[in-house]
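Residue numbers start from 1 in every chain, and the chains themselves are labelled A, B, ... in the order their sequence lines are given, proteins ahead of strands.
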4 protein chains.
Amino acid sequence: MATKTIIGVMGPGEKAPPLYLQLAYQLGGLIAAAGWVTLCGGRNAGVMEAVSRGAHEHQGLTIGILPDAHPDAVSPFIDIPVLTGMGSARNNINVLTSQVVVACGMGAGTLSEIALAIKARKPVILLGYPPEDILFLQKIEAHNQIRQAESAAEVIAIIKEILNL
Amino acid sequence: MATKTIIGVMGPGEKAPPLYLQLAYQLGGLIAAAGWVTLCGGRNAGVMEAVSRGAHEHQGLTIGILPDAHPDAVSPFIDIPVLTGMGSARNNINVLTSQVVVACGMGAGTLSEIALAIKARKPVILLGYPPEDILFLQKIEAHNQIRQAESAAEVIAIIKEILNL
Amino acid sequence: MATKTIIGVMGPGEKAPPLYLQLAYQLGGLIAAAGWVTLCGGRNAGVMEAVSRGAHEHQGLTIGILPDAHPDAVSPFIDIPVLTGMGSARNNINVLTSQVVVACGMGAGTLSEIALAIKARKPVILLGYPPEDILFLQKIEAHNQIRQAESAAEVIAIIKEILNL
Amino acid sequence: MATKTIIGVMGPGEKAPPLYLQLAYQLGGLIAAAGWVTLCGGRNAGVMEAVSRGAHEHQGLTIGILPDAHPDAVSPFIDIPVLTGMGSARNNINVLTSQVVVACGMGAGTLSEIALAIKARKPVILLGYPPEDILFLQKIEAHNQIRQAESAAEVIAIIKEILNL
């Protein structure tokens with residue numbers, strides 16, 4: 001099988017706080033170093049841009065699942081822009097295509113991706129989340145899917161555990 | 001314009017608690033009595049079935065946006081089953097098509113719809129939600145979109161206020 | 001079961017020839033008279049507008065599956081605008097949701113709907129098509145799905161035969 | 001920009017004639033040799049499998065846009081399986097994501113992709129098509145988008161011309 005391991009990293013766009021941009025950049029670099037593909041929403045903003053830049057600068061392959069039909073807003077660090085033209089409905093594709101979903105920062109789009117990941121029974125890692133958010137999301141899940149991490153390195157360790165590597 | 005007012009009611013399927021089934025049934029009846037169309041996920045389970053049954057038994061029109069490509073699991077109280085064949089990606093259609101989104105009960109699918117509604121800047125009414133869930137969701141929104149209600153009648157009053165009726 | 005019979009009518013938008021607009025208007029009226037729901041692409045142009053106007057003026061219910069996320073371009077004769085926000089990917093929803101697909105006029109979008117209907121094994125009626133187009137499309141199908149008609153009345157007769165009415 | 005050139009190759013699955021499988025295999029190899037990414041429907045059948053095998057065996061990167069939510073039917077020659085879970089609605093993503101769309105063999109799914117590509121104003125190359133099919137499809141387009149080729153090498157030459165390479 002040629003199939004590569006794909007790690008999805010979800011997070012806010014324009015309004016992402018600097019802390020999460022830094023975490024996303026580090027995480028992209030570590031995903032690349034592990035030999036995995038980085039998947040994100042693909043736009044040239046926020047966590048999407050930071051994680052793809054981190055992966056790209058560490059020779060990783062990046063795939064972006066865009067809400068748009070046109071490539072105008074694609075991050076320059078995306079190797080493979082998948083143009084869906086279906087707006088936020090593409091969030092479900094992000095989740096289905098990822099072996100593990102990492103949430104880095106919060107927002108309405110990110111929350112929809114966490115929820116869709118839980119629905120699709122995907123493992124979800126919450127990176128740098130406050131305890132009350134973790135508690136809320138653990139109430140929603142039914143299959144012990146949610147894990148938490150405080151650093152990019154910890155995310156990688158959890159992914160290796162999940163994938164039995 | 002022939003366009004009818006469409007109220008979306010989102011809630012869990014098979015695992016919906018009886019309290020929310022009762023609220024959904026009442027709400028469907030009141031939406032029908034107001035002359036509006038009831039939109040839901042369309043399956044023959046949980047809040048979807050309860051709200052469409054309530055609307056149907058009060059001579060209301062019901063539309064279900066199904067995840068499936070085939071009509072096998074359509075609620076018998078749905079007049080118009082829209083077969084999307086796109087799984088949970090159809091949750092975004094539920095939200096875009098509704099003038100107001102009412103959440104009745106919680107689950108991963110419902111949470112994704114609340115989040116997608118916030119993302120799409122739709123008004124969202126949380127029916128019978130615990131305070132901590134309301135607090136969490138209010139942190140996500142940015143446009144004062146979220147309202148809360150304790151009864152089906154209160155939901156109708158809020159919708160009339162939102163729609164300037 | 002509350003489920004209504006839904007007939008999909010597909011055809012070009014802005015560039016639709018007058019002949020097909022007239023056929024679509026007549027067909028909408030006859031679908032309404034038969035007590036069925038008229039489904040179309042929902043925009044305020046071409047065959048979509050003509051068929052929904054025909055249905056609306058004969059007291060029929062009309063549903064439009066829109067490519068857009070916003071209702072700006074909805075035909076005023078559509079009762080239920082389903083806002084998909086997914087562009088031409090919504091063409092597959094048009095087809096899956098219709099019990100029978102009628103093609104009235106030709107264009108790239110319409111051709112995609114005919115092809116998707118064949119793929120989904122839906123019955124397809126070609127209204128007023130030239131013989132060479134019918135021959136081409138019959139080569140594509142594998143389940144004797146394609147029928148041809150020269151008038152709106154003939155379409156209704158074929159639908160009744162297909163639905164065993 | 002990290003963005004790679006993506007060439008979409010569309011064609012029938014299980015029923016693909018041997019001639020088109022051979023052309024698809026050759027084409028995948030030549031796309032890989034040109035340094036481009038091969039995009040296809042991603043399933044382990046027909047033209048999808050042949051073109052991805054050709055690309056994979058010539059060290060090319062392959063992306064498959066799957067109709068399914070699960071990876072059960074992914075071709076073993078696909079590097080990046082994008083799991084859409086949206087059935088044939090994913091055909092529009094195939095087309096939007098490709099800089100050039102090549103059709104290799106015919107069927108209902110392939111015809112829908114040609115039509116959607118014309119609708120999205122993408123360049124379309126018909127490989128090994130009979131003259132009457134080319135004539136029919138040229139009637140549908142409005143922007144001189146359709147080109148024809150008799151060999152995989154000719155497809156590559158046309159792509160280079162289209163992309164100004």
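Considering CZ of B/F136 and CG of A/L111, their distance stands at 5.0 Å, rounded to 0.5 Å.
Heavy-atom distances place the side chain of A/A142, and not its backbone, under 4.5 Å from chain B.
Contacts with chain B were tallied for A/I118, A/L137, A/L116; A/L116 has the most, counting heavy-atom pairs under 4.5 Å. Of all the listed residues (B/G107, B/G87, B/G109, B/A115), the one sharing the greatest number of non-hydrogen pairs under 4.5 Å with chain A is B/A115.
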Which atom pairs, one donor and one acceptor, sit under 3.5 Å between chain B and chain A?
unit_1, atom_1, unit_2, atom_2, d
B/D133, OD1, A/K139, NZ, 2.6
B/K139, NZ, A/D133, OD1, 2.6

